[in-house]
Number of protein chains: 2
Amino acid sequence: MTAAEHGPRERMVFSAAQLIRRDGVAATGMREVAAHAGAPRGSLQHYFPGGKEQLVNEALGWAGRYAGNRVARFLAALPEPTPAGLFAEMVRQWTDEYETTGYAGGCPVAAATVDCAESTVSTREAASAAFAAWTGPVAHALADMGVPRERATPLATLMISSLEGAILIARAERNTRALTTVSRELGPLLDAAAVNPICCSRIGEKKTHSIHKANDKN
Amino acid sequence: MTAAEHGPRERMVFSAAQLIRRDGVAATGMREVAAHAGAPRGSLQHYFPGGKEQLVNEALGWAGRYAGNRVARFLAALPEPTPAGLFAEMVRQWTDEYETTGYAGGCPVAAATVDCAESTVSTREAASAAFAAWTGPVAHALADMGVPRERATPLATLMISSLEGAILIARAERNTRALTTVSRELGPLLDAAAVNPICCSRIGEKKTHSIHKANDKN
DNA sequence: GCGGGAGTATGACAGCGGTCATAGTAGCCA
DNA sequence: TGGCTACTATGACCGCTGTCATACTCCCGC
């Protein structure tokens, strides 16, 4: 989706992320990636001399950046930024997809972690970096909403952990129940951590745009 | 571990779960499973005429039962059963493994979901059943501890979601930080949901043993 | 002894995987 | 025109996969 004209290289990275999301790393073939991207097979070794490992790692980098950038956009879409509201938006991205497009895809970072954590060092590191690129903006946003600094990162980790697990369960059940559940159950806890929930809408709005350059067109 | 003498068939199912846990479904070969189980290759088609699909599905069934049975054992190990204490034990199983044995393995159900949710219907259903076999006892235990029935299952889902996600992050980072974080952050929320936390130790202790037959030697 | 079934042992097959090698095309610069 | 670089195009290789076919070894019931 939205993969119009970005040069064959970017398209292949994007396609790799898409296919990994759906079938996992091991079941995703290089030829398949090229075909999905509408790119010539010969370009694979040209753009990715490091082979599949490099392609997968770049796909994870893209996914991490994408998830991180989404945070700012979620905040911008909220009338009053609150921790629970942010989490609800993060969850809603998945429930929307599952209800409209189906349960074909999960999180590519989760897929890579499951498939490569033990076998491929660089891919595990790329997955770790992707989680960091996602957790960072979330923690930053929480802090902007009045969550004490020392709790911002732990709560961001909790949010992402719950979301990742709920994605797994939702795909297995082909049902968004788990996703809506974690959103509903975790919301109050998140909001309770914001010491000054009244002013957070202003603070959040001001500093939101500094979270990321955000000139990408995610 | 603990896989002494259970007949070749059970050993192969057990080994399949172990290998899937480590490398994912697609990267785990049938020959590898047989070798890991110390079972003859020829037994594969004899015990699992349904092929790899059947073997994987049985491994998921085993994993779900195993996780479900662990709940009762965790409760029995707690001096005073509380929701937070149960969750801490569930998490501790993983931190212990990671700190002593290393980060080689994740959750086999998560691995199967990631690899097969879209490609293999029966395996997706087996994963769903495994999650159910795990969530059920947890929800039951929560109810026994005084959590209102209508919140028991949602909270169980939240616990398992957070745990699954934290396992992913922990493996990617090779660090138990995410696991200890979700345990610490979620604990108060869980205990707050128990309406009568004083008496739950007794109730929990009494009804704990009815959660599962528990005569398996997990 | 002896069928006969449970379980074991190999070998072959067809398919697909990632990767390498090699050759080709296009376009820019001098 | 010549040469250089960026990119594309194929074909081949080897290894591995799941699966099937076939033949073998036990051991139990009769």
Side-chain angles (χ1 to χ4, degrees), chain A residues 5-60 108 111-112 114-116 118-124 126, chain B residues 5-60 108 111-112 114-116 118-124 126:
Chain A
E5 310 311 330
H6 273 84
R9 212 198 119 99
E10 283 185 73
R11 287 208 316 273
M12 283 193 277
V13 171
F14 180 84
S15 289
Q18 295 266 103
L19 295 174
I20 289 170
R21 219 163 88 77
R22 198 183 61 190
D23 299 317
V25 172
T28 296
M30 298 284 275
R31 294 166 170 85
E32 193 185 358
V33 170
H36 183 275
R41 207 191 86 191
S43 300
L44 278 171
Q45 70 180 290
H46 184 255
Y47 289 116
F48 307 96
K52 187 177 189 177
E53 190 172 331
Q54 180 187 357
L55 177 57
V56 170
N57 294 355
E58 294 201 18
L60 290 189
V114 158
D115 278 356
C116 307
E118 188 60 15
S119 59
T120 316
V121 182
S122 72
T123 303
R124 183 193 57 73
Chain B
E5 311 311 330
H6 273 87
R9 212 197 118 99
E10 284 185 72
R11 288 209 314 274
M12 283 193 277
V13 172
F14 180 84
S15 289
Q18 294 265 103
L19 295 174
I20 289 169
R21 218 164 89 75
R22 199 184 59 189
D23 299 318
V25 172
T28 296
M30 298 285 274
R31 294 166 169 84
E32 193 186 358
V33 170
H36 183 273
R41 209 191 81 190
S43 299
L44 278 171
Q45 71 181 290
H46 184 255
Y47 289 116
F48 306 96
K52 186 176 189 177
E53 190 172 331
Q54 181 187 357
L55 177 58
V56 170
N57 295 354
E58 294 202 19
L60 290 188
V114 158
D115 278 356
C116 308
E118 188 60 14
S119 59
T120 316
V121 181
S122 72
T123 303
R124 183 191 57 75

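In what follows, chains are A, B, ... by sequence order, proteins preceding strands, each numbered from 1.
Across every non-hydrogen atom of Ala59(A) and Ile20(A), the tightest pair is CB-CD1, 4.4 Å. Among all heavy-atom pairs drawn from Pro108(A) and Ala17(A), the shortest one is CB-O, 4.0 Å. The two atoms that bring Val33(B) and Ser15(B) nearest to each other are O-CB, 3.9 Å, heavy atoms only.
Here the straight-line distance linking atom CD of Glu118(B) with atom OG1 of Thr123(B) works out to 12.5 Å at 0.5 Å rounding. Here the CG-CG distance, from Leu44(A) to Leu55(A), works out to 7.0 Å after rounding to the nearest 0.5 Å. The distance from the CD atom of Gln54(A) to the NZ atom of Lys52(A) is 14.0 Å, given to the nearest 0.5 Å. How far OG of Ser43(A) is from CZ of Arg11(A): 9.0 Å, rounded to the nearest 0.5 Å. One distance of note links CE of Met30(B) with CG of Leu19(B); it measures 12.0 Å at 0.5 Å rounding.
Every residue was checked against the salt bridge (Lys or Arg N to Asp or Glu O under 4.0 Å) condition with Arg41(B), not counting sequence neighbours, and none meets it.
Rounded to an integer number of Å, the gap from CZ of Phe48(A) to P of dC20(C) is 15 Å. The distance from atom CG of Leu44(B) to atom C1' of dA9(C) is 12 Å, rounded to the nearest whole Å. Atoms CZ (Arg9(A)) and P (dA6(D)) sit 14 Å apart, rounded to a whole Å.
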What are the atom names and distances for every N/O pair under 3.5 Å that joins the protein to nucleotides 3-8 of chain C?
{"residue": "dT8(C)", "atom": "OP2", "partner": "Ser43(B)", "partner atom": "OG", "Å": "2.3"}

Atom pairs, N/O to N/O, protein against nucleotides 23-27 of chain C, distance under 3.5 Å?
none

Below 3.5 Å is the cut-off: list the nitrogen or oxygen pairs between protein and nucleotides 15-18 of chain D, distance only.
{"residue": "dG18(D)", "atom": "OP1", "partner": "Thr28(B)", "partner atom": "O", "Å": "3.3"}
{"residue": "dG18(D)", "atom": "OP1", "partner": "Met30(B)", "partner atom": "N", "Å": "3.4"}
{"residue": "dG18(D)", "atom": "OP1", "partner": "Lys52(B)", "partner atom": "NZ", "Å": "2.9"}
{"residue": "dG18(D)", "atom": "OP2", "partner": "Met30(B)", "partner atom": "N", "Å": "2.8"}
{"residue": "dG18(D)", "atom": "N7", "partner": "Arg31(B)", "partner atom": "NH1", "Å": "2.6"}
{"residue": "dG18(D)", "atom": "O6", "partner": "Arg31(B)", "partner atom": "NH2", "Å": "3.0"}

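Side chains of Phe48(B) and Arg9(B) form a contact here, defined as non-hydrogen atoms less than 4.5 Å apart. For the pair Thr120(B) and Arg124(B), the minimum side-chain heavy-atom distance is 4.5 Å or more.
Each end of the helix from dG1(C)-dC30(D) to dC16(C)-dG15(D) gets its own axis from five base pairs, and the two axes differ in direction by 10°, given to 10 degrees.
The base of dG18(C) has none of its N or O atoms less than 3.5 Å from a complementary donor or acceptor on the side chain of Arg41(A).
For residues 22-33 of chain A, the pairs satisfying salt bridge (Lys or Arg N to Asp or Glu O under 4.0 Å) are Arg22(A)-Glu32(A), with sequence neighbours left out.
In this structure, Asp115(B) contributes its side chain and Gly24(B) its backbone to no donor-acceptor pair below 3.5 Å.
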